[in-house]
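Here the structure is a predicted model, which is why all the values come from computation and not from measurement. Every chain is numbered from 1 and lettered A, B, ... according to where its sequence line falls, protein lines coming before strand lines.
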Protein chains: 2
Amino acid sequence: MSANLTALATFSPLYQQIKAMLLASLQAGEWQPGEVIPSEFELAARYEVSQGTVRKAIDELTAQNLLIRKQGKGTFVATHHEERQQFRFLRLAPDGGQAMVLKNHFLSCKKMKAPAFITQVLKIKAGESLIEIERVQTFAGKAIVFEQIWLPSLRFKTLNLATLQAWAGPLYALYESTFATHMVRAEEKIKAVASDAMSAERLNLQLGAPILLVERVSYSYGNKPVEMRLARYETSTQHYENTLS
Amino acid sequence: MSANLTALATFSPLYQQIKAMLLASLQAGEWQPGEVIPSEFELAARYEVSQGTVRKAIDELTAQNLLIRKQGKGTFVATHHEERQQFRFLRLAPDGGQAMVLKNHFLSCKKMKAPAFITQVLKIKAGESLIEIERVQTFAGKAIVFEQIWLPSLRFKTLNLATLQAWAGPLYALYESTFATHMVRAEEKIKAVASDAMSAERLNLQLGAPILLVERVSYSYGNKPVEMRLARYETSTQHYENTLS
DNA sequence: CAGTGGTCTAGACCACTTC
DNA sequence: AAGTGGTCTAGACCACTGC
């Protein structure tokens, strides 16, 4: 209310506080992915603010893809099970046209001790146990993507090769369904490299053929890094797409 | 007002119409990049709507980086001369750390007839005249980027090598200052390829060394494609960064 | 102090969904 | 018809800038 002094209490507008509380509820799992959250008027009553203020908080959360509005129905927690969300994290497209549906081939799923470069990224203890998944993805019978995926064993205790092979759909949807983990954001670092022996074999390329090397770190609520991937894309007939604005 | 029928007039909310009118003014050059636009109340009076409606229109334009709000000062037309905007279209970062400032080396600037693959992308007539620019960018003395840039001669009539070499700052700022062209958006398609003779020479690499090949098409107001680039990035000590959300 | 954008409210009405 | 999000308004007040 006061705070005329030199910004002692780091003033933040009401709708930002509401947004923070909504985020806390999402993180705590009060509303699960795919579920409706209470209506704007209910939330306004709960937080004792006007509907317009709740609305502005929800506006920002929908802009970040954490919530999805559906007129007449309500506001829903975003989920990777949703049709529209399937391609949110896939930037690969065939040179001719639209998005591509890739076929999964899981090669392995093993426990391992986390190497240093992963512990740093995932902010876990040195030597903590990880699950390492190897996957190849094909399009029209041709291997396009080979990736290694690392997850903390603690959170993904029961994950195994059989589960993966039985799963149809995006990995992130599996994480939601089975491990109560919703991915919110990812950061990628991309390089062009000469394929090493393993990548060349998996992608049926000549040793040294140029491939895209994509390092991805995915974050759940609260900026928590949960998954790290090292992906190799074969880009002779497809490319990585990006829009700058 | 009516429109109970099966959507004859493609109803659009007031603030969308305001947004369209603001866009038209931007495109027509009524307010130049870097200038203030009229205050929300002035615009509300002009369009005979409430200030809140204008506000919502401006909200969307700022979200698209077309306008920039500055509390207490006004709302400004976005410009590539702005400090903050310098790195908007540069996704290259050194493996260690933050954004990198690259040094320009313009190699050539020549007129040429547009090949088919460019006429399609830039939507110009077959055989129309283009300007082709070749540029190398260095960081800490090392060549990092080699690119070819194509612009329609019509719009960029007076552009020449001397002008380019005298220019300090982003190309897009030059386009604004001298050619009344503001770039709004760009789309990139990225591949890993083996460097050809020309690229290898420009980047001091061995022939065949893997490089990132980035095709970029940049758009001005009204989704008008204006510039096409083919860039090669050397990514042994830096990478292309991207955030997915 | 006046002018700008930023927040917040309260209420009216529209558009879409569901029963 | 009732409930949801979506639009629009009018007015009050806050925060920042510059004269």
Side-chain angles (χ1 to χ4, degrees), chain A residues 1-22 31 34-78 82 84, chain B residues 1-22 31 34-78 82 84:
Chain A
M1 280 296 160
S2 64
N4 256 19
L5 312 184
T6 3
L8 224 172
T10 42
F11 162 81
S12 92
L14 251 186
Y15 76 88
Q16 290 286 2
Q17 301 174 36
I18 307 295
K19 187 182 164 189
M21 288 191 276
L22 292 174
W31 313 303
E35 288 182 6
V36 224
I37 70 171
S39 78
E40 295 178 351
F41 280 103
E42 278 183 75
L43 291 170
R46 173 192 304 196
Y47 300 125
E48 299 184 295
V49 297
S50 79
Q51 180 248 11
T53 300
V54 169
R55 187 169 183 76
K56 181 146 188 181
I58 293 180
D59 274 346
E60 297 209 345
L61 292 171
T62 54
Q64 297 174 46
N65 291 311
L66 295 177
L67 296 176
I68 297 178
R69 304 186 122 116
K70 297 186 184 173
Q71 187 173 149
K73 298 172 107 173
T75 301
F76 297 76
V77 182
E82 199 81 8
R84 321 162 147 195
Chain B
M1 281 296 157
S2 63
N4 256 19
L5 312 184
T6 3
L8 225 172
T10 40
F11 161 81
S12 92
L14 252 186
Y15 76 89
Q16 290 286 5
Q17 300 175 36
I18 306 296
K19 187 181 163 189
M21 287 191 275
L22 292 174
W31 313 301
E35 289 181 4
V36 224
I37 70 169
S39 78
E40 295 178 351
F41 280 103
E42 276 183 77
L43 291 170
R46 174 195 302 198
Y47 299 126
E48 299 183 296
V49 297
S50 79
Q51 179 249 10
T53 300
V54 170
R55 187 168 183 76
K56 182 145 188 182
I58 293 180
D59 275 346
E60 297 210 344
L61 293 171
T62 55
Q64 297 173 225
N65 290 312
L66 295 178
L67 295 176
I68 297 178
R69 304 186 121 118
K70 298 186 184 173
Q71 185 173 144
K73 298 170 107 176
T75 301
F76 297 77
V77 182
E82 200 81 8
R84 322 161 146 194

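- By the side-chain hydrogen bond (donor to acceptor under 3.5 Å, both in side chains) test, B/Thr62 pairs with no residue at all, sequence neighbours left out.
- Partners of A/Thr75 according to the side-chain hydrogen bond (donor to acceptor under 3.5 Å, both in side chains) rule, which considers only residues two or more places apart in sequence or in another chain, do not exist here.
- Direction change of the helix axis from one end of the helix from C/dC1-D/dG18 to C/dT18-D/dA1 to the other is 10°, with five pairs defining each end axis (rounded to 10°).
- Annotation: salt bridge (Lys or Arg N to Asp or Glu O under 4.0 Å) contacts of B/Arg55 (sequence neighbours excluded): B/Glu40.
- With sequence neighbours left out, B/Gln64 forms a side-chain hydrogen bond (donor to acceptor under 3.5 Å, both in side chains) with B/Lys19.
- Residues satisfying the salt bridge (Lys or Arg N to Asp or Glu O under 4.0 Å) criterion with B/Glu82, sequence neighbours excluded, are B/Lys70.
- Not a single side-chain hydrogen bond (donor to acceptor under 3.5 Å, both in side chains) links A/Asn65 to another residue, sequence neighbours left out.
- Every side-chain contact (heavy atoms from CB on, under 4.5 Å) that B/Pro13 has, sequence neighbours left out, goes to B/Phe11, B/Tyr15, B/Gln16.
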*asked:* For a quick check, with a 4.0 angstrom heavy-atom cut-off, what is the B/S/- contact string for nucleotides 4-11 of chain D, read 5' to 3'?
replied: BBBBSB--

